[in-house]
2 protein chains.
Amino acid sequence: MSAADATILLVDDHSVVREGYRSVLQKQPGLRVIAEAADGAEAYRLYKSEAPDLVIMDLSMPGIGGIEAVRRIRQWDKGARILVFTMHENAGFAVQAIRAGARGYVTKTSPPETLVRAVMDVLAGKIAISPDIDHELALSRLAGESSAADVLTPREFEVMRLLLAENTTEEIAETLHVSPKTVANLHSLIKDKLGVGSDIELVRLALRQGILTEVDLGEG
Amino acid sequence: MSAADATILLVDDHSVVREGYRSVLQKQPGLRVIAEAADGAEAYRLYKSEAPDLVIMDLSMPGIGGIEAVRRIRQWDKGARILVFTMHENAGFAVQAIRAGARGYVTKTSPPETLVRAVMDVLAGKIAISPDIDHELALSRLAGESSAADVLTPREFEVMRLLLAENTTEEIAETLHVSPKTVANLHSLIKDKLGVGSDIELVRLALRQGILTEVDLGEG
DNA sequence: GCGACGGCCGGGAAAATTTCACGACGGTGC
DNA sequence: GCACCGTCGTGAAATTTTCCCGGCCGTCGC
């Protein structure tokens, strides 16, 4: 435990899983886990008090999620090094995470070596993406699937969010203070722009692109 | 490592997570992890060759999922003791798991002690459910939400599955060899029986009840 | 200033879908 | 036999979706 060890903050809402990170990382010389958090808010607090060299962050967590935690930490410390380590084998999430300021994205299905390698790369200032996500990103590029966040105007995106969260056209019209007709028109336009034929496909696309998570839907 | 140790098979598609189980369990005397599997098929194969006293099983895995793996193992060995350990804090999944033959259901957010306790309980022949799921189950009972699997007839359930998986009414009519009109009628009837007003709500309910998982939707 | 453009809001009408009422058929239980 | 339920389908009404339209407003380039 020399003073030169790189210090690490682990963030994951599953304690048994944190135990796994620890076990893998402590086999690696030069790394030292100095703190653990179970949600985004705690992660932010601990980052400020502990100033670790690296954060390993899960995405799906109660309260403020991982993406938002990444954003806040980066806002507080522009140089923060955050490696996202998550179960989502989903290019959409990776794009969001990197845009939010993460320096790496590794899926939990990756072998321990990949995680260790990514930790080292991020500490060395590189960007680390696990191979499966690299592949996913390439595929989505090739498929040319429209990214909802890109092709939709802010208003359309908002309506889409509400469609997925609330239910009836009338309710949305009310919260937006526009006519139900407008919402219906937008709804149709959104499906058109996104190239989906049904609401069910719309939900699937939102899930695939990480606009929505399972827990968002389940709780609603 | 006495011969009297209880032998355990770990099943989880995330290697780092298996590392976590190991770390927690090996602190407990009387337990010995003898094998690990990364998916349902491998779990089944290893169960037959290793005959462990207990299986600790994740649910969301590539290929055949955890529920199906539980079913197969129990079919092969009526006395198999399987403890489901998953991220899904979802009463629907718990019901499915128990019906498939699991002897316990613990969420990954639970502290390590809860997992250890559940392992001991299941080995002792008891049924172990983590407190959060107990609570969820109680709530869903109180809310009296119609369980899709109960209120729907087999045919209706099948159509619902197809609606969530495929997309157009025509395609489903084709695969079922019935008129599109019938599918439309069923579609309407299903929403009525389930008390949902829109397709989006239908997806949400399916997710909540564990009829569908995020990966089902994403991959479609 | 002024014209072009794009986002936003909604009306109107045609087209498609959803919903409801109804009948037929086979299987099951009494 | 008879009642009941699940399945399948028709037809017509009700509703929604979709398409086409025009107006309003802010921005950009000239």
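Please read all numbers here as calculations on a predicted model, not as lab measurements. Atom set for the values below is all heavy atoms of this structure, side chains included, hydrogens, waters and symmetry mates excluded. Within every chain, numbering begins at 1; the chains are lettered A, B, ... in the order of the sequence lines, protein sequences first and strands thereafter.
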Of all the nucleotides listed ([options]), which has the minimum atom distance to the side chain of [X]?
| X | options | value |
| --- | --- | --- |
| V178(B) | dT7(D), dC8(C), dC8(D) | dC8(D) |
| A184(A) | dT18(D), dC8(C), dT10(D) | dT18(D) |
| S179(A) | dG9(D), dG10(C), dT7(D) | dG10(C) |

**Report entry** Flag for D13(A)-T109(B): side-chain donor and acceptor within less than 3.5 Å
**Finding:** no
Query raised in the report: Ignoring hydrogens and angles, are the base of dT16(D) and the side chain of K181(A) linked by a donor-acceptor pair under 3.5 Å?
Result: no
Query - Side chain proximity check, Y105(B) to L59(B), heavy atoms < 4.5 angstrom - result: yes
Query raised in the report: Is the shortest side-chain N to carboxylate O distance from R103(B) to D121(B) below 4.0 Å?
Result: no
Query raised in the report: Does the distance from a Lys or Arg side-chain N to an Asp or Glu carboxylate O, for E158(B) and R161(B), drop under 4.0 Å?
Result: yes
Provide, to the nearest angstrom, the distance between the [atom1] atom belonging to [X] and the [atom2] atom belonging to [N].
| X | N | atom1 | atom2 | value |
| --- | --- | --- | --- | --- |
| I190(B) | dG6(D) | CD1 | P | 13 Å |
| E158(B) | dG6(D) | CD | P | 17 Å |
| K191(B) | dT16(D) | NZ | C1' | 11 Å |
| D199(A) | dT17(D) | CG | C1' | 10 Å |
| L202(B) | dT19(C) | CG | P | 11 Å |
| L189(A) | dC19(D) | CG | P | 10 Å |
| I200(B) | dT16(D) | CD1 | P | 15 Å |
| H177(B) | dT7(D) | NE2 | C1' | 16 Å |

**Report entry** Touch class at under 4.0 angstrom, heavy-atom based, for N185(A) against every strand present
**Finding:** base
Query raised in the report: For M57(A) and V70(A), what are the C-alpha separation, side-chain angles and deciding distance, and is it a side chain to side chain contact (heavy atoms under 4.5 Å, CB included)?
Result: CA-CA 8 Å; M57(A) 169 96 64; V70(A) 170; 4.2 Å; yes
Requested in this report: Please check the phosphate of dT19(C) (OP1 and OP2 only) for any side-chain N or O of S188(B) closer than 4.0 Å.
Outcome: yes
